[in-house]
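Throughout, residue positions are numbered sequentially from 1 according to the sequence presented. Counting starts at 1 for both ligands and their atoms, following the listed order.
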Amino acid sequence: MPDPTTLLDLMRHAGTPETAPFLETGDGRRISYGAMWRMSAQMAHTLVDFGVKPGDRVAVQVGKSPEALILYLACFRAGAVYLPLNTAYTHDELDHFLRDAAPSLVICAPQDMAAIDALKIHNQPRVTGLAPDGSGPFTALSEGQPESFDDQPRGPDDLAALLYTSGTTGRSKGAMLSHWNLASNALTLRDLWRFTSDDVLLHALPIYHTHGLFVATNVVLLAGASMLFLPKFDPDDVFRLLPRATSMMGVPTFYTRLLDDPRLTRETVNSMRVFISGSAPLLAQTHDAFRERTGHAILERYGMTETGMNTSNPYDQDRCAGTVGFPLPDVGLRITDPETGTERPQGETGMIEVSGPNVFSGYWNLPDKTHEEFRDDGFFITGDLGLIDTDGYVHIVGRAKDLVITGGFNVYPKEIELLIDALDGVMESAVFGVPHPDFGEAVTAAVVLDAGANLSVADIEAALVDRLAKFKQPKRVLLVDALPRNAMGKVQKTVLRDTHASLFKA
Ligand code: AMP
């Protein structure tokens, strides 16, 4: 392990000049590296004033703004554990995260402060507000603070972030990521993808997820590069700014949307060096169409919340469509029999297992679950099925747990099934994903009603609105007579997926 081992120390070590640009927003607001250090110092003082101590969790559910991103660094400076939460989560869902993680401070949209205060979490965290435009009580308090701060020393194995993944049992698990997990992965990716201070990254991803937060942001920070920072993927903004960018990271949906737009030409991407895709499978046909239209072979990589990035297509050699490339230089990857854990020969499909400095240390408060998902020799069982071809490229074949990935977000069917099954008049349900031209997959629910039940599709949809983030709500609810089952009585989701494959055909 080299020294330094934390993102902040590595950033200092890189010595990016204070005047170098750090980010520019869609409406032209500019923040230099110097300003970023000063703002993060001021915010770190405010965190301390709120009583945040090293090791404390700071839960953050706020819209994407430069302040929100700098708050992430401020948490590290104060020695706190950063806990980002999807802005789509409802108060019901938030209640679970806050009880589980027991943060000492919650930073949310100003209009949500009262509701979060009212959740009556046992350790009663302090609550403050940060609006999507970067204003709010937290910013107001920070503006009066000193512009320098003595960072709390943190070691490589200290906890840096807690990121919740969806759980197959319906319960989300907090993945514990250390400073070295984050820093080592960012160093590897920076070098592999050749990021330098000349790079300008078009950043249109959310920053509560490993992709936009760690992959995109940390690589930029360690390269001393800059970003064009958009609140979301808006084609008009993206096409306006693309001529000034050198690089973009996105989910496959970004690329299908770009391809749908006649403005995507070789001229618009003239300044671009690399397009990177991940978080869900990029169809080979999308890869091919993009290459034909722009001359760029999208570089696909594979990772997950628990591990950061594991594999990547190469920068110089062939970027092979439909594959996620090679294991990263410091990542061990093997394919095993999902039942026995025995390694499988090259070319055979099995469970993808990984080890390396990027792999998390376990799930927060869940030692048994952690134990189940690691082999004795330290390999993490990803839950993804895949194979390694004769050239060494890794292919993701399927998701062991029937995860649905819609617009780059993971949806675990079980969580939704539990809510539907709990409705009066519902006998049972199965939630699955079917192809969708825009979202990749669409969450779909097949529901069997009790005999004589007087429940409509609209009733079921209405019952889910306040219980689930919008991206998890089924795009279609189908009333069916029975669910298809195999001889063992297990619901056959493959049959459901096949039967309803054309539901969203354009
Ligand atoms: P998350 O924890 O939200 O980042 O989701 C991780 C999951 O997304 C992985 O376990 C994979 O199932 C899936 N995933 C990520 N990248 C890819 C990719 N390039 N191709 C296919 N699936 C992917």
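Residue-to-ligand polar distances keep Ser277 apart from ligand 1: every N/O pair is separated by 3.5 Å or more.
In Ala280, the part holding a heavy atom less than 4.0 Å from any atom of ligand 1 is the backbone. Here Ser279 has backbone heavy atoms under 4.0 Å from ligand 1, and that is the only part of it that gets that close. The part of His209 lying near ligand 1 is the side chain, judged by heavy-atom distances below 4.0 Å. At a heavy-atom distance under 4.0 Å, only side-chain atoms of Thr210, from C-beta outward, approach ligand 1.
Contact analysis puts Ile405 in contact with ligand 1, with a non-hydrogen atom separation below 4.0 angstrom. At a 4.0 Å cut-off, not a single heavy atom of Thr165 sits close enough to ligand 1 to count as contact.
Closest heavy-atom approach to atom 11 (C) of ligand 1 among the candidates Asp384, Val324, Val394, Leu385: Asp384.
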Derivation of the side-chain contact (heavy atoms from CB on, under 4.5 Å) call for Phe97 and Arg57 = CA-CA 11 Å; Phe97 299 122; Arg57 277 77 56 214; over 6 Å; no
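A cation-pi arrangement is not found for Lys475 relative to Phe504, the charged atom failing to lie both closer than 6.0 Å to the ring centre and inside a 45° cone about the ring normal. Cation-pi contact between Arg334 and Phe379: present, with separation from the ring centre below 6.0 Å and deviation from the ring axis of at most 45°. A cation-pi contact, defined as under 6.0 Å to the ring centre and within 45° of the axis, links Lys173 to Tyr363.
Atoms of ligand 1 found under 4.0 Å from any heavy atom of Pro281, numbered from 1 in the order shown, are 20 (N), 21 (C), 22 (N). Taking a cut-off of under 4.0 Å to the non-hydrogen atoms of Glu300, the atoms of ligand 1 that pass are 18 (C), 19 (N), 20 (N). Close approach to Thr305 involves these atoms of ligand 1, each under 4.0 Å from a residue heavy atom: 1 (P), 2 (O), 3 (O), 4 (O).
Side-chain atoms of Thr256 and Thr253 include no donor-acceptor pair closer than 3.5 Å.
Residue Asp260 holds its CG atom at 15.0 Å from OH of Tyr255, rounded to the nearest 0.5 Å.
The six-membered or imidazole ring of Phe439 lies away from that of Phe471, with a centre-to-centre distance of 6.0 Å or more. Ring-centre distance between Phe195 and Tyr315: not below the 6.0 Å cut-off.
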